[in-house]
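To start, the structure itself, in structure tokens.
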Amino acid sequence: MPELPEVETVRRLLEATVRGRTIRAVRLSGLELREPIPRNLPRRLKGLRLVAARRLGKYLLLELDGGLTLLSHLGMSGRWLFHPRTPADDSPHVHARILFIDGSELWYQDTRRFGLLRLVATSRLGRDPRLSGLGPDPVAKPPTGPLLRAMAEGARIAIKDFLLDQRRLAGIGNIYASEILHRAGVDPRTPAGRVAADRWDAIARETGAVLAEAIERSGTTFSMYRTVWNEPGGYGEQLRVYDRPGEPCRVCGTAIRRIVQGARSTFYCPACQPPATRARRRAPPRRSSRARSRGRGGPSNRRA
DNA sequence: ATCCTATCCTGTAGGC
DNA sequence: TGCCTACAGGATAGGA
């Protein structure tokens, strides 16, 4: 669910809401996430102050004083929700409640429980196996085309799956992988090792552009994702191909196609993203007036 | 090594 | 209406 732009949105809002607050108590649900929530979390966090919210790929790092960092991954359905005051009504699937001394609360809610909460010594973050295997964060360290091309040398994995591999680049997920490849004009099935040099330049450029625009709009809410204020992200209406099978490409009007790669949906425009085995067309087909008029307003985000 | 599949879990949309 | 199946933005262990 949450990819880099969604996690970055949460990070920024946590900085704006809970940074500087001191923890009075932590309550746990007793249910396990992807791995068990440390049972000593309440004891170890009590009295600590949240000094910063950082991010690496899709990981959120809540840094506390006392040399500890709460490492969080949202999985598919995780949310951090901020409550200025204790809410009157309860919510299902809340697995951790952090109560601050000023009466505000920060809840971790995760319906599907694919998320992760663990406590790590801040000085040892770099050695945590979850983080040490991650590739560069494409927002913190924007990759260049030549770098990506070198990383992909000889790889037979499809470019779509290449972009999803967090050991290569950390932060891109299923939505933005499709969006990046459409904007870069690359067929998602192309073996990564056979993507042309100029397409790698385009992929590097569009990766930065897509992620920046999505962050600007507070991310994409497909169904589960919410900000810490429990609000949906606004990038859904900007999506060019993701979850738009059969609908006209916003560039050329051709029907968007859905295929399955690695048991997950990929969406692409067969005209704007021609197979690499054929001679590549330099320019995408001309934009029809019909596509233009449809593309402007954009369909509403179906699932809100 | 590299690549692919199955799996964890719950909610929901769509077919019948 | 209700039942059933398929699928959903994640990572990863294990097999080929």
Side-chain angles (χ1 to χ4, degrees), chain A residues 1-10 29-37 55-60 71-80 91-95 108-118 128-135 151-181 188-194 210-211 214-215 217-227 232-236 238-246 258-267 301-304:
Chain A
M1 151 205 177
E3 307 182 29
L4 188 154
E6 291 74 37
V7 180
E8 174 63 15
T9 298
V10 171
S29 72
L31 289 178
E32 295 182 1
L33 300 177
R34 194 162 87 217
E35 64 182 49
I37 301 176
R55 182 190 58 74
L56 197 55
K58 300 174 191 172
Y59 283 87
L60 205 50
L71 185 62
S72 158
H73 192 294
L74 301 175
M76 293 278 247
S77 55
R79 301 169 174 170
W80 283 105
S91 306
H93 308 299
V94 175
H95 298 103
Y108 181 73
Q109 181 182 44
D110 191 344
T111 304
R112 293 176 69 183
R113 294 196 270 131
F114 289 162
L116 175 77
L117 275 184
R118 70 172 0 188
D128 188 282
R130 309 264 171 190
L131 302 181
S132 61
L134 294 178
M151 284 168 52
E153 182 155 8
R156 282 164 299 174
I157 188 175
I159 178 65
K160 156 75 175 341
D161 294 315
F162 179 93
L163 292 178
L164 289 182
D165 186 345
Q166 305 297 299
R167 295 167 302 184
R168 295 171 152 121
L169 287 178
I172 297 169
N174 210 39
I175 292 179
Y176 299 110
S178 281
E179 294 298 307
I180 289 164
L181 290 176
R189 297 163 297 187
T190 313
R194 284 206 255 140
V210 167
L211 297 179
I215 290 169
R217 297 219 163 211
S218 303
T220 303
T221 291
F222 178 71
S223 64
M224 297 294 294
Y225 161 73
R226 291 296 182 296
T227 73
Y235 192 70
Q238 309 290 314
L239 294 175
R240 299 198 183 189
V241 290
Y242 187 84
D243 199 35
R244 300 187 62 236
R258 173 187 180 272
I259 59 175
V260 174
Q261 291 181 286
R264 318 184 64 194
S265 295
T266 300
F267 301 90
N301 202 7
R302 311 184 348 232
R303 298 170 241 191

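Chain letters run A, B, ... following the sequence lines, proteins first and then strands; every chain starts at 1.
- In terms of phosphate contacts, A:Gln166 brings a side-chain nitrogen or oxygen within less than 4.0 Å of OP1 or OP2 of C:dA11.
- Among the nucleotides B:dC4, C:dG10, C:dT12, the one closest to the side chain of A:Glu3 is C:dG10.
- Across all strands shown, B:dC9 remains unpaired; no Watson-Crick or G-U wobble contact has both distances below 3.5 Å.
- Side-chain atoms of A:Thr190 never come within 3.5 Å of backbone atoms of A:Ile159 as a donor-acceptor pair (strictly under, hydrogens ignored).
- When heavy atoms are screened at a 4.0 angstrom cut-off, A:Arg258 is found touching the sugar-phosphate backbone but no base atom.
- Computed from coordinates, the A:Gln109 CD to B:dC9 P distance equals 18 Å when rounded to whole Å.
- Counting heavy atoms from C-beta on, the side chains of A:Arg130 and A:Arg118 come closer than 4.5 Å.
- Base pairing analysis places B:dA1 opposite nothing; no Watson-Crick or G-U wobble pair with both distances below 3.5 Å involves it.
- The phosphate of C:dA8 (OP1 or OP2) has a side-chain N or O of A:Ser265 nearer than 4.0 angstrom.
- Protein atom OH of A:Tyr225 is 20 Å distant from nucleotide atom P of B:dT12, rounded to whole Å.
- For the pair A:Arg34 CZ and B:dC9 P, the computed distance is 14 Å after rounding to whole Å.
- Side-chain contact check for A:Tyr59 and A:Gln166: no donor-acceptor pair (N or O, by modelled atom type) lies under 3.5 Å.
- Annotation: side chain of A:Phe162 is in contact with side chain of A:Arg168 (closest heavy-atom distance under 4.5 Å).
- Nearest to the side-chain atoms of A:Arg156 among the listed nucleotides B:dT10, C:dA11, B:dC3 stands B:dC3.
- Between the side chain of A:Arg113 and the base of B:dC9, no donor-acceptor pair of N or O atoms lies under 3.5 Å.
- Nearest to the side chain of A:His73, among C:dG10, B:dG11, B:dC9, sits C:dG10.
- Side-chain contact between A:Leu60 and A:Trp80: present, with at least one pair of heavy atoms (C-beta onward) separated by less than 4.5 Å.
- Nucleic acid contact for A:Tyr242: sugar-phosphate only, since backbone atoms but no base atoms lie under 4.0 Å from a heavy atom of the residue.
- Relative orientation of the A:Tyr235 and A:Tyr176 rings is tilted, given thresholds of 30° and 60° on the angle between their planes.
- Within the structure, every side-chain polar atom (N or O) of A:His93 is placed at least 4.0 Å from both OP1 and OP2 of B:dC9.
- When the C1' atom of B:dT10 is taken as reference, atom CG of A:Leu74 falls 17 Å away, rounded to whole Å.
- Between A:Leu164 and A:Phe267, the residue anchored nearer the 5' end of DNA chain C, judged by the nucleotide with its closest heavy atom, is A:Phe267.
- Between the P atom of B:dG11 and the CE atom of A:Met224 lies a distance of 9 Å, rounded to the nearest Å.
- For the pair A:Glu35 CD and C:dT12 C1', the interatomic distance rounds to 12 Å; values are reported in whole Å.
- The CE atom of A:Met76 sits 6 Å away from the P atom of C:dG10 (whole-angstrom rounding).
- Here the separation of B:dC9 from C:dC3, taken at their P atoms, is 24 Å to the nearest Å.
- OP1 or OP2 of B:dC3 lies within a sub-4.0 Å distance of a side-chain N or O belonging to A:Arg168.
- Centre separation under 5.5 Å together with a plane angle under 30° holds for the ring of A:Phe114 and the six-membered base ring of B:dC8, marking them as stacked.
- No N or O donor and acceptor, one from the side chain of A:Arg264 and one from the base of C:dA8, sit under 3.5 Å apart.
- A straight line from NZ of A:Lys160 to P of B:dC4 spans 12 Å, rounded to a whole angstrom.
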